[in-house]
Amino acid sequence: MSKISAAITCVGGYVPEYRLTNSILETMVDTNDEWIRTRTGISERRILKGEGLGSSDMGVEAVKDIFRKSNVKPEEIECLICATVTPDMMFPATANIICDKAGIPNAFSYDIEAACSGFLYALTTGAALIESGRYKKVIVVGVDKMSSIIDYTDRATCIIFGDGAGALLLEANDEGYGIQDSLLKSDGSGRKYLHMKAGGSVKPATAETVAAKEHFVYQEGQAVFKFAVKGMADVSFELMQRNNLTADDIAWLVPHQANLRIIEATANRMNLPNEKVMINIQKYGNTTGGTLPLCLWDWEKQLKKGDNLILAAFGGGFTWGATWIKWAYNG
Ligand code: UT7
């Protein structure tokens, strides 16, 4: 019997309409378009507006995109995994809410929280469910409404993040397409550089924590930058080495979109030219769980059956990792 792999057979995506441009940010904090573009590569980001809308509402749109584009019916989905740091609520899981809103009646569903690497963790977990032979159709969602945890008076963080969602359909495959290998890492001692100070069990929300702005992203940008450059480049290189892949074998690097300079450092380490690197940070910023599937959503038409893709990410935790995918269809 041939080995079962988890092929990606459809990509869905959603970004909100509202564009928060660098020139609008110039009116909100002491910053300028030139600084933002040269330090990060970002020109604008999408923001989810509207009372009562959360991450699940974007996740649902990405999932519905899959049902519009593929022949798969909601009833056939056996599991849905959602990577997010901005769940609708502390509980229940946003994945449960997405299934309810998208009319997916038969799936078990849960969230994975690994910050900017969350989507890679969720993808690897979803693929393992299929590789076990027990499940045939799994959806993996990456979504964040970063605008809900950003302090728009803090110029060091508010220029970076945006809102968005992407989703992948994973199906059992016996021809060897799909997820080939993953190398995932974490180091909780990095938490001091990137975290949310209050709202968890250590420091539950109080009027004081709200007044002290402790429910927003806290980031020591320079420290995170140094770890990110090394972590993302090292893990991508290690994944290539242990699979005997050279730059010529790789059609695309799909990097987490946190900072253009981090992306370029990773591509350099892998010896990949710019034209093999997916970059959409200029239009979406850093959507945390959403970046990797949104790249695949934007590039889907250019992807060819058999293409080798390396997905790579680094984020809070610290968490980081890389995944090698053999693409299963012509876009
Ligand atoms: O996805 C999760 C993981 N996160 C990341 O990977 C983020 C990694 N870090 C970064 O991408 C970068 O560190 C940032 C984009 C956050 C900041 O860029 P930087 O080149 O590291 O800038 P910096 O923090 O060293 O600040 C340099 C200067 C400072 O001024 P002084 O002290 O030199 O006078 C900042 O106050 O730039 C100033 N600055 C700004 N100036 C204009 C900081 N933010 C801004 C701003 N506009 N928005």
Side-chain angles (χ1 to χ4, degrees), residues 10-29 31-33 36-37 40-70 82-89 94-95 97-103 116 118-119 139-155 157-169 216-217 254 256-260 278-302 331:
C10 192
V11 185
Y14 174 80
V15 287
E17 267 174 40
Y18 180 78
R19 291 176 153 86
L20 178 59
T21 61
N22 289 352
S23 54
I24 298 173
L25 281 169
E26 283 176 2
T27 68
M28 297 163 62
V29 288
T31 190
N32 60 79
D33 175 57
I36 301 173
R37 277 190 296 103
T40 69
I42 304 168
S43 297
E44 59 182 43
R45 46 317 270 138
R46 303 298 183 94
I47 302 294
L48 182 65
K49 299 269 187 183
E51 195 73 21
L53 296 179
S55 290
S56 72
D57 298 287
M58 293 188 288
V60 165
E61 292 305 321
V63 168
K64 283 185 178 168
D65 198 24
I66 286 180
F67 294 134
R68 268 193 300 273
K69 289 163 69 178
S70 73
C82 177
T84 187
V85 289
T86 50
D88 282 17
M89 303 171 180
T94 300
I97 303 172
I98 290 175
C99 284
D100 179 47
K101 290 181 177 173
C116 292
F119 189 77
I139 287 181
V140 182
V141 179
V143 56
D144 272 298
K145 183 185 170 187
M146 292 307 291
S147 61
S148 66
I149 55 169
I150 292 299
D151 174 5
Y152 284 94
T153 65
D154 174 15
R155 69 176 181 171
T157 51
C158 74
I159 54 130
I160 301 170
F161 294 98
D163 303 339
L168 302 182
L169 174 62
F216 293 127
V217 169
V254 190
H256 172 53
Q257 311 282 309
N259 188 311
L260 188 55
M278 295 188 189
I279 297 170
N280 58 14
I281 192 171
Q282 69 283 0
K283 54 181 185 171
Y284 304 143
N286 181 352
T287 56
T288 303
T291 60
L292 297 176
L294 280 173
C295 279
L296 296 173
W297 189 54
D298 277 353
W299 266 265
E300 187 187 17
K301 286 200 170 65
Q302 296 179 52

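Quick note: residue numbers are just sequence positions, from 1.
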In terms of heavy-atom contacts, L296 and V254 come closest through CD2-CG2, 4.1 Å
Minimum side-chain heavy-atom gap I47-Y152 below 4.5 Å: yes
Distance, nearest 0.5 Å, that separates CD1 of I160 from OG1 of T287: 13.0 Å
Do V85 and K145 touch side chain to side chain, with heavy atoms closer than 4.5 Å? no
Quick one: does any side-chain atom of T86 pair with a main-chain N or O of M146 as donor and acceptor, under 3.5 Å? no
R45 side chain reached by N286 side chain, heavy atoms, under 4.5 Å: no
Mind checking whether L169 and K69 have side chains closer than 4.5 Å, heavy atoms only? no
From L168 CG over to I66 CD1, what is the distance, rounded to the nearest 0.5 angstrom? 6.5 Å
Any non-hydrogen side-chain atom of T153 less than 4.5 Å from a side-chain atom of F216? no
Looking at every non-hydrogen atom in both residues, tell me the closest pair between S56 and I97 and how far apart they are. OG-CG2, 3.6 Å
Whether Q257 side chain and M278 backbone form a donor-acceptor pair below 3.5 Å: yes
Looking at R19, K283, R37, which hits salt bridge (Lys or Arg N to Asp or Glu O under 4.0 Å) with E44? R19
Pairwise distance CD(E61) to CG(L48) - rounded to 0.5 angstrom: 10.0 Å
Pairwise distance CD1(I139) to OG(S70) - rounded to 0.5 angstrom: 7.5 Å
Hey, are D144 and T84 close enough side-chain-wise for a donor-acceptor pair under 3.5 Å? yes
Apply side-chain contact (heavy atoms from CB on, under 4.5 Å) to the pair D65 and Y14, showing each step before the final yes or no. CA-CA 8 Å; D65 198 24; Y14 174 80; over 6 Å; no
Heavy-atom side-chain contact between F119 and T291 under 4.5 Å: no
Which atom names give the shortest non-hydrogen contact between C158 and V29, and what distance separates them? SG-CG2, 4.0 Å
Is any side-chain heavy atom of D163 closer than 4.5 Å to a side-chain heavy atom of Y18? no
I would like to know whether L20 and M28 meet side-chain contact (heavy atoms from CB on, under 4.5 Å); could you show each step before the answer? CA-CA 11 Å; L20 178 59; M28 297 163 62; 4.0 Å; yes
What are the two closest non-hydrogen atoms of D57 and G52, and how far apart are they? OD2-O, 4.1 Å
Could you tell me the separation between the CD1 atom of I279 and the CG atom of D298, rounded to the nearest 0.5 Å? 12.5 Å
Inter-residue atom distance N22.CG - Q282.CD, 0.5 Å rounding: 11.5 Å
List the atom of I24, the atom of T27, and the distance in Å for their closest heavy-atom pair. O-OG1, 2.5 Å
From the list D33, I159, I36, side-chain contact (heavy atoms from CB on, under 4.5 Å) with E26 holds only for D33
Search all heavy atoms of R46 against all heavy atoms of Y284 and return the closest pair with its distance. CG-CD2, 4.2 Å
